[in-house]
Protein chains: 2
Amino acid sequence: MRNLSLEPLDRPEGMPTHEYAHRRLRQAIMVGSIRPGESLTIRGIAEAMESSPTPVREALRRLSSEGALKVLDNRRIMVPKMTVERFGELIALRSVLEQHAARRAVPHVTERVIDRMAEIDQAQDGAIARADNATALLLNQEFHRTLYTANPDQILMPMVESVWLQLGPFLGIAMEHVAQLYFVDRHQEAIAALRKRDADAVAAAIDLDIREGIGGFERSAIEHLLRLAGQ
Amino acid sequence: MRNLSLEPLDRPEGMPTHEYAHRRLRQAIMVGSIRPGESLTIRGIAEAMESSPTPVREALRRLSSEGALKVLDNRRIMVPKMTVERFGELIALRSVLEQHAARRAVPHVTERVIDRMAEIDQAQDGAIARADNATALLLNQEFHRTLYTANPDQILMPMVESVWLQLGPFLGIAMEHVAQLYFVDRHQEAIAALRKRDADAVAAAIDLDIREGIGGFERSAIEHLLRLAGQ
DNA sequence: TAATTATATTTGTGATCACATTCTAAAGAT
DNA sequence: ATCTTTAGAATGTGATCACAAATATAATTA
């Protein structure tokens, strides 16, 4: 196993070790810094974050339930490998899930929420301008999350995040081989539609944002990237 | 904490304790035999299944990631309470998720799969006739699962099961107070549509099955049930 | 009697250890 | 050289223990 380097990440006082481990690993997978096929060892992670196997195991169980990790028959744990078919399923699911989340959120959206989204979008533009892909990615997710969590009874955010998590490792590969991830910005359209409380238009903007953004990879481009990464 | 009784459940040789614990608890929640609001203790569960805290904790972490359990601020763990709003969200999500799963499965469905579904449906009718609600519920799930897993690249089954899991405790309440859960059988329509490989018709049948089945509870009926259960 | 404090118990948490399985690689045989 | 065998190391797993926080129970006070 490669010596994995995990960003220290902020740890609020009183947060249990297993949760901290979960957040750190999750973050690492989300931005694609743990490569597919790479196998993780419990002791290795525990050592890397100066704790013990017990809480790390709990974190790994959660991650595997979230689809971020796969337990092999050997009981070895790894980041699932990406395939063209799986990528297609993930994009299609992401579109359906997030359109639904957006529609359900619209009735609860306040001007305050929309303003917040506009701020995030602006920050993301800044990150893109600096070619800071990882930050742009995180801000893009925060943009979407802000919208969906406007619904107080929302229950599908964990599922949306699960899809993001499964897409993460591929983004890591893409970011390595493509100079800059092209964030097709349908965020302005989404914001405009939100101000009019037009649920259909919001859903359409979200759909386009996904399909023209990360979903816009051609089959051949995906195959090429996966081949480059030795998948 | 009440002395919880977990059905022993079959345990294949070599299955780790944490996974066995996960399956047993999951099963119990799925059929609604653990009541919402009831708080679970790690040691209590470990004792009930004659093991130790460590693997039980791993099982609980997974269940909480699957939405089946909620960790409170006290770090206490309980089955989330149901509300009318949450119930509405769950049904709407279930409909969207399963329609999508069905559509993506249709191209991969073979006659073999359809025959299997017909068998399951027949068994479910038998269970309903015997007023065996728990078995009918499980067979209903198997019917749906058989369809969705026909898609080899399917990735949303865990999410569908998560919704089922979150609906479970409410079904437990409903089964206690309603003589018989009325399974509106749109399964025949689904099977007929599948034989014609008509994806739209299949999705429509699944949608009706959900909305007229468990989703058919009126708001007042849900409130009534929750009040009866002291929620 | 009601409220408050003090004590005891329960509970979540994380580190450690022992055991069995799996993986790695060195040694041997074909 | 290639395959097989074998010894060593690494790894997942589950039980146990100690500690701190939370809860419940008993004792005390107003």
Side-chain angles (χ1 to χ4, degrees), chain A residues 1-4 6 8-9 11-26 29 34-35 37-66 68-81, chain B residues 1-4 6 8-9 11-26 29 34-35 37-66 68-81:
Chain A
M1 186 191 110
R2 171 175 73 89
N3 247 350
L4 64 99
L6 296 171
L9 209 74
R11 177 175 185 173
E13 184 179 3
M15 170 183 284
T17 308
H18 64 85
E19 193 178 330
Y20 181 60
H22 177 257
R23 300 230 324 217
R24 262 173 90 167
L25 287 169
R26 177 194 175 82
I29 296 170
I34 299 182
R35 301 286 293 281
E38 182 169 350
S39 78
L40 301 172
T41 66
I42 295 169
R43 284 179 173 88
I45 297 168
E47 192 182 353
M49 37 193 294
E50 297 173 330
S51 69
S52 71
T54 312
V56 171
R57 273 166 62 188
E58 296 176 48
L60 292 180
R61 298 294 170 224
R62 287 188 55 186
L63 261 353
S64 80
S65 273
E66 289 160 17
L69 298 175
K70 218 181 85 176
V71 291
L72 277 51
D73 299 329
N74 345 347
R75 297 185 177 176
R76 217 29 95 63
I77 291 176
M78 57 169 259
V79 176
K81 295 195 178 182
Chain B
M1 186 192 108
R2 171 174 72 87
N3 246 349
L4 65 99
L6 297 170
L9 208 76
R11 178 176 185 174
E13 184 179 3
M15 170 183 283
T17 307
H18 64 84
E19 194 179 328
Y20 181 60
H22 177 256
R23 300 237 316 226
R24 261 174 89 166
L25 287 169
R26 177 194 174 83
I29 295 170
I34 299 182
R35 301 287 293 281
E38 182 169 349
S39 78
L40 301 171
T41 66
I42 296 169
R43 284 179 173 87
I45 297 168
E47 192 182 353
M49 36 192 294
E50 297 173 330
S51 69
S52 71
T54 313
V56 170
R57 273 166 62 189
E58 295 175 48
L60 293 180
R61 298 294 171 226
R62 287 188 56 186
L63 260 353
S64 81
S65 272
E66 289 160 15
L69 298 174
K70 217 181 87 178
V71 291
L72 277 51
D73 299 329
N74 347 349
R75 298 184 177 178
R76 221 21 100 62
I77 291 175
M78 58 170 256
V79 176
K81 294 194 178 182

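By convention in this document, chain letters (A, B, ...) are assigned in the order of the sequence lines, proteins followed by strands, and residues within each chain are numbered from 1. Values below: every heavy atom of this structure, side chains too, minus hydrogens, waters and symmetry copies.
The nearest whole Å value for the distance from the CG atom in D73(B) to the C1' atom in dA21(D) is 14 Å. The interatomic distance linking I42(A) (CD1) with dG12(D) (P) rounds to 4 Å, in whole Å. Rounded to whole Å, the distance from CG on L40(A) to P on dT13(D) is 13 Å. Atom-to-atom, CD1 of I45(A) to C1' of dT13(D) comes out at 15 Å; the value is rounded to the nearest Å. Taking atom CG on L72(B) and atom C1' on dG12(C), their separation rounds to 13 Å, with Å as the unit. Here dT13(C) presents its C1' atom at 11 Å from CD1 of I77(B), a figure rounded to the nearest Å. In this structure, M78(B) places its CE atom 17 Å from C1' of dG12(C), rounding to the nearest Å.
At least one donor-acceptor pair under 3.5 Å links the side chain of Y20(B) to the backbone N or O of L9(B). E38(A) places a side-chain N or O within donor-acceptor distance of the main-chain N or O of R35(A), the cut-off being under 3.5 Å. At distances below 3.5 Å, not a single donor-acceptor pair connects side-chain atoms of E47(A) with backbone N or O atoms of G44(A). A donor-acceptor pair under 3.5 Å links the side-chain atoms of S64(A) to the main chain of R61(A), judged by distance alone.
Here the rule is side chain to side chain contact (heavy atoms under 4.5 Å, CB included) with M78(B), and of I34(B), V71(B), L72(B) only L72(B) fits it.
Taking 4.5 Å as the limit, every side-chain heavy atom of R62(A) sits out of range of all side-chain heavy atoms of R62(B). For the pair H22(B)/E66(B), a side-chain contact is recorded, criterion being any heavy-atom separation below 4.5 Å from C-beta on. Looking at heavy atoms from C-beta onward, K70(B) lies out of side-chain contact with I77(B) at the 4.5 angstrom threshold.
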List every contact pair, protein side and nucleotides 14-20 of chain D side both N or O, where the distance is under 3.5 Å.
| unit_1 | atom_1 | unit_2 | atom_2 | d |
| --- | --- | --- | --- | --- |
| dG14(D) | OP1 | T17(B) | N | 2.2 |
| dG14(D) | OP1 | T17(B) | OG1 | 2.9 |
| dG14(D) | N7 | R57(A) | NH1 | 2.8 |
| dA15(D) | OP2 | S52(B) | N | 2.9 |
| dA15(D) | OP2 | S52(B) | OG | 2.3 |
| dA15(D) | O5' | S52(B) | OG | 3.4 |
| dA15(D) | N7 | T54(B) | OG1 | 3.0 |
| dT16(D) | O4 | T54(B) | OG1 | 3.2 |

Atom pairs under 3.5 Å, N or O on each side, protein against nucleotides 22-24 of chain C: can you list them with distances?
| unit_1 | atom_1 | unit_2 | atom_2 | d |
| --- | --- | --- | --- | --- |
| dC23(C) | OP1 | N74(A) | ND2 | 3.1 |

Dump the pairs, protein N or O against N or O of nucleotides 7-9 of chain D, anything under 3.5 Å, distances to one decimal.
none

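Separation of atoms CG (L69(B)) and OG (S39(B)) is listed at 11.0 Å; rounding is to 0.5 Å.
Checking R57(A) against S52(A) by side-chain atom types alone, no donor-acceptor pair falls below 3.5 Å. Looking only at atom types and distance, the side chain of H18(B) has no donor-acceptor partner in the side chain of E58(A) under 3.5 Å away.
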